[in-house]
Amino acid sequence: MEQVIHAHEVEQEIRSEIESTFELIMLDTEQIKSTRELWKEVFPEETKEFLDYYFTYGVKDAIVCAVQEEETISALYLTPCSAAMRRVPHLLEMHHLPCMTDIARVDTYLISAAATKQAYRKRGYMRRLLSGVFEYQRRLKIPFCMVSAKESIFFEHFGFHYIYDKPHYELNTKMISKEMLERAAGGEIVHLSPYNVTLSMADKGDLLLLAHFVNANLCKRYGVFNIRSAVYYERFQQELRSRKGELYQIIEEGQIKGYFAYAKDSVEQICEVVFENEADIESFFYTTKIKKPTTMARIVNLDEILKHIASNGKVTIAIRLVDPIIAENDGLFIWYLNENGSRMERVEEVCDGDDPSMRPEVTTTIGEFTAFIFGYSKLKQNTKFDSIYLSGPTWLNERL
């Protein structure tokens, strides 16, 4: 109990220092409700039902930072997430299919919304908010921060890079019709073809089992994913219902075969699909080969993320990282890796004619380095980089 109290006191001290340093306010639950008008102005396409959901459930546990004058003129919403990162050594050196005991649980945050009123834009308010939340996370030893972004250019300026491409699914109405969805949403168990396969709505009592099913299958295929829980799916279901959608299960002989999330408010869409056998997806959905970049990330605490990155044997790399926001991530480093993890040590920049062994073997932005760490893109073709066990592939399908 004393440790919990101490951790809370430390976090409150960090919050106070962030508010003072960056001239922002970290809102409490009641104050968050005052940002509804800002959201309505910036996101007019959102339905009343979704706004009702979001300001009742979506902001629960969220951290909202704001710049306020007589009203809230700029705000940024941080939603806490629990991510899984595969433990070292890498999958290739395991003698069993990976399971949840092979992953490390890490805390992270998703920027679920960021908005500034039209009249106050291009004055640096959002940069102030982002700088503040990065420092907040860095001091809490959060390894990385995520954002679901349709437009990448804005967030690229702040060190983000895409790390996950989302597949596009469309319902195969020959297998599951809209009428079947409506019946299942009404509580009916709908028989599909073959007859021992059924479609049903996931009710509250199913959500814990659904979370176990999804986590068990994601950890077999991905090195990084966001851990699901019964509470997560309860909120997800509330969100879907605010969008006239639902969580559906495909059951075969009493066992979950797969699940999908469906919404149909402004645009009809399949939000998420997980099956035990990925080949079965093609029986119920049409998929396209083109995947859409959806989730971006950036490293906020370099020391914490590197604990999860190892190599095949001892490797040393001189690397120049460019981070315009977080000074601790910016500079020339020596990166030491082995089978148990890695770390970086800052070294002084060298001038021409100095020791060539201290010159960077690669220079990269923090965004590019983040994409490399998560296995999304390469940094450099050489044996040193090829021997690094990266965190990916990733499955970071966040909605808000």
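Classification of Lys257 and Asp280 as a salt-bridged pair holds, one side-chain N sitting under 4.0 Å from a carboxylate O. For the pair Arg183 and Glu179, the salt-bridge criterion is met [side-chain N within less than 4.0 Å of a carboxylate O]. A salt bridge links Arg221 to Glu278: at least one charged side-chain nitrogen sits closer than 4.0 Å to a carboxylate oxygen. A salt bridge does not link Asp330 to Arg346: none of the charged side-chain nitrogens sits closer than 4.0 Å to a carboxylate oxygen. Ion pairing between Glu361 and Lys380 fails under the 4.0 Å rule for side-chain N and carboxylate O. Using a 4.0 Å cut-off between charged nitrogen and carboxylate oxygen, Lys117 and Glu71 count as a salt-bridge pair.
Annotation: side-chain hydrogen bond (donor to acceptor under 3.5 Å, both in side chains) contacts involving residues 129-138, sequence neighbours excluded, comprise Glu11-Tyr136, Glu135-Arg138.
Ring pair Tyr195/His191 is parallel by interplanar angle, where below 30° counts as parallel and above 60° as perpendicular.
Side-chain contact between Phe158 and Arg127: present, with at least one pair of heavy atoms (C-beta onward) separated by less than 4.5 Å. A 4.5 Å side-chain heavy-atom check between Ile388 and Leu337 finds at least one atom pair inside the cut-off. Side chains of Phe260 and Leu247 form no contact here, defined as non-hydrogen atoms less than 4.5 Å apart. You'll find the side chain of Asn217 stays beyond 4.5 Å of the side chain of Phe275, heavy atoms only. Proximity of Val322 to Phe369: side-chain heavy atoms (C-beta onward) are nowhere separated by under 4.5 Å. Annotation: side chain of Met85 is in contact with side chain of Ile305 (closest heavy-atom distance under 4.5 Å). With a 4.5 Å cut-off on side-chain heavy atoms, Asp165 and Tyr376 count as touching. Leu181 has its side chain within reach of Leu199: a pair of non-hydrogen atoms, C-beta onward, lies under 4.5 Å apart.
Considering NZ of Lys166 and NZ of Lys292, their distance stands at 9.0 Å, rounded to 0.5 Å. Here CD of Glu19 is found 8.0 Å from SG of Cys65. Values are rounded to the nearest 0.5 Å. Summarising the geometry, atom CH2 belonging to Trp395 is positioned 7.5 Å from atom OH belonging to Tyr222; distances are rounded to the nearest 0.5 Å. From His308, atom NE2 reaches atom CZ of Phe144 across 8.5 Å, with rounding to the nearest 0.5 Å. Taking CG of Asn226 as the start and OG1 of Thr394 as the end, the distance is 10.0 Å to the nearest 0.5 Å. Considering CD1 of Ile317 and CE of Met344, their distance stands at 8.0 Å, rounded to 0.5 Å.
Phe285 and Ile256 fall into different hydrophobic clusters, defined by Ile, Leu, Val, Met, Phe, Trp and Tyr side-chain heavy atoms under 4.5 Å apart, directly or through other members. Residues Phe236 and Leu207 are members of one and the same hydrophobic cluster, defined by side-chain heavy-atom contacts under 4.5 angstrom among Ile, Leu, Val, Met, Phe, Trp and Tyr. Leu240 and Phe284 are not part of a single hydrophobic cluster, where members link through side-chain heavy atoms under 4.5 Å apart. Under the 4.5 Å side-chain heavy-atom criterion for grouping Ile, Leu, Val, Met, Phe, Trp and Tyr, Val147 is connected to Val133 within one hydrophobic cluster. A single hydrophobic cluster is seen to contain both Leu396 and Ile309, as judged by linkage of ILVMFWY side chains at heavy-atom distances under 4.5 Å, directly or through other members.
The backbone N or O of Asp203 lies less than 3.5 Å from a partner atom in the side chain of Asp206, making a donor-acceptor pair. Judged purely by atom type and a 3.5 angstrom limit, Gln118 has no side-chain atom pairing as donor or acceptor with the backbone of Glu41. Counting only distance, with no hydrogens or angles, the side chain of Glu282 and the backbone of Ala279 share no donor-acceptor pair below 3.5 Å. Formation of a donor-acceptor pair under 3.5 Å by the Thr72 side chain with backbone atoms of Thr35 is not found in this model. A donor-acceptor pair under 3.5 Å is formed between the side chain of Arg123 and the backbone N or O of Ala119. Counting only distance, with no hydrogens or angles, the side chain of Glu246 and the backbone of Ala261 share no donor-acceptor pair below 3.5 Å. In this structure, the side chain of Thr365 engages the main chain of Glu368 through a donor-acceptor pair within 3.5 Å. Proximity of a side-chain donor or acceptor of Ser311 to a complementary backbone N or O of Gly313 within less than 3.5 Å is detected. When atom types are taken as modelled, the side chain of Thr173 and the backbone of Ile176 share no donor-acceptor pair closer than 3.5 angstrom. A donor-acceptor contact shorter than 3.5 Å links the side chain of Asn215 to the backbone of Arg228.
The shortest heavy-atom contact between Ile73 and Leu38 is O-CD1, 4.2 Å. Looking at every heavy atom in both residues, Ala113 comes nearest to Trp39 through CB-CZ3, 3.7 Å. Of all heavy-atom pairs spanning Pro80 and Ala62, the tightest one is CD-CA, 4.2 Å. Scanning both residues, Leu24 and Gly132, for their nearest heavy atoms gives CD2-CA, 4.2 Å. The two residues Ile111 and Leu76 have their closest heavy-atom pair at CG2-CG, 4.1 Å. Of all heavy-atom pairs between Tyr233 and Ala211, the closest is CE1-CA, 3.8 Å.
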- prompt: Should Arg128 and Val67 be marked as a side-chain contact (heavy atoms from CB on, under 4.5 Å) after you check the CA-CA gap, both sets of side-chain angles, and the distance that decides it?
  reply: CA-CA 9 Å; Arg128 187 197 305 177; Val67 176; 3.8 Å; yes
task: Let me see the working for Arg139 and Glu17 under salt bridge (charged side-chain N to carboxylate O under 4.0 Å, His left out), right down to the final yes or no.
output: CA-CA 11 Å; Arg139 293 187 59 180; Glu17 292 177 4; 2.4 Å; yes
- request: Show your reasoning for whether side-chain contact (heavy atoms from CB on, under 4.5 Å) applies to Glu156 and Met296.
  value: CA-CA 9 Å; Glu156 283 174 354; Met296 305 182 79; 3.9 Å; yes
query: side-chain contact (heavy atoms from CB on, under 4.5 Å) between Ile142 and Asn301: does it pass, once the steps are laid out?
result: CA-CA 6 Å; Ile142 303 296; Asn301 191 305; 5.9 Å; no
- request: Test Thr316 against Ile334 for side-chain contact (heavy atoms from CB on, under 4.5 Å), laying out the working first.
  value: CA-CA 7 Å; Thr316 303; Ile334 302 298; 3.4 Å; yes
message: One pair to check against side chain to side chain donor-acceptor pair (under 3.5 Å): Arg121 and Thr116. What are the steps and the verdict?
response: CA-CA 6 Å; Arg121 291 177 185 172; Thr116 302; 5.7 Å; no
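Within the cation-pi definition used here (under 6.0 Å to the ring centroid, within 45° of the axis), Arg343 qualifies as a partner of Tyr336.
Every residue was checked against the ring pair (Phe, Tyr, Trp, His ring centres under 6.0 Å) condition with Tyr162, not counting sequence neighbours, and none meets it.
For the 3.5 Å distance criterion, the side chains of Arg298 and Thr370 fail to qualify, holding no donor opposite an acceptor. Inspection of the Glu272 and Tyr259 side chains reveals an N or O donor paired with an N or O acceptor under 3.5 Å. For the 3.5 Å distance criterion, the side chains of Trp335 and Ser342 qualify, holding a donor opposite an acceptor.
Here the two rings, on Phe374 and Tyr164, have centers that are 6.0 Å apart or farther.
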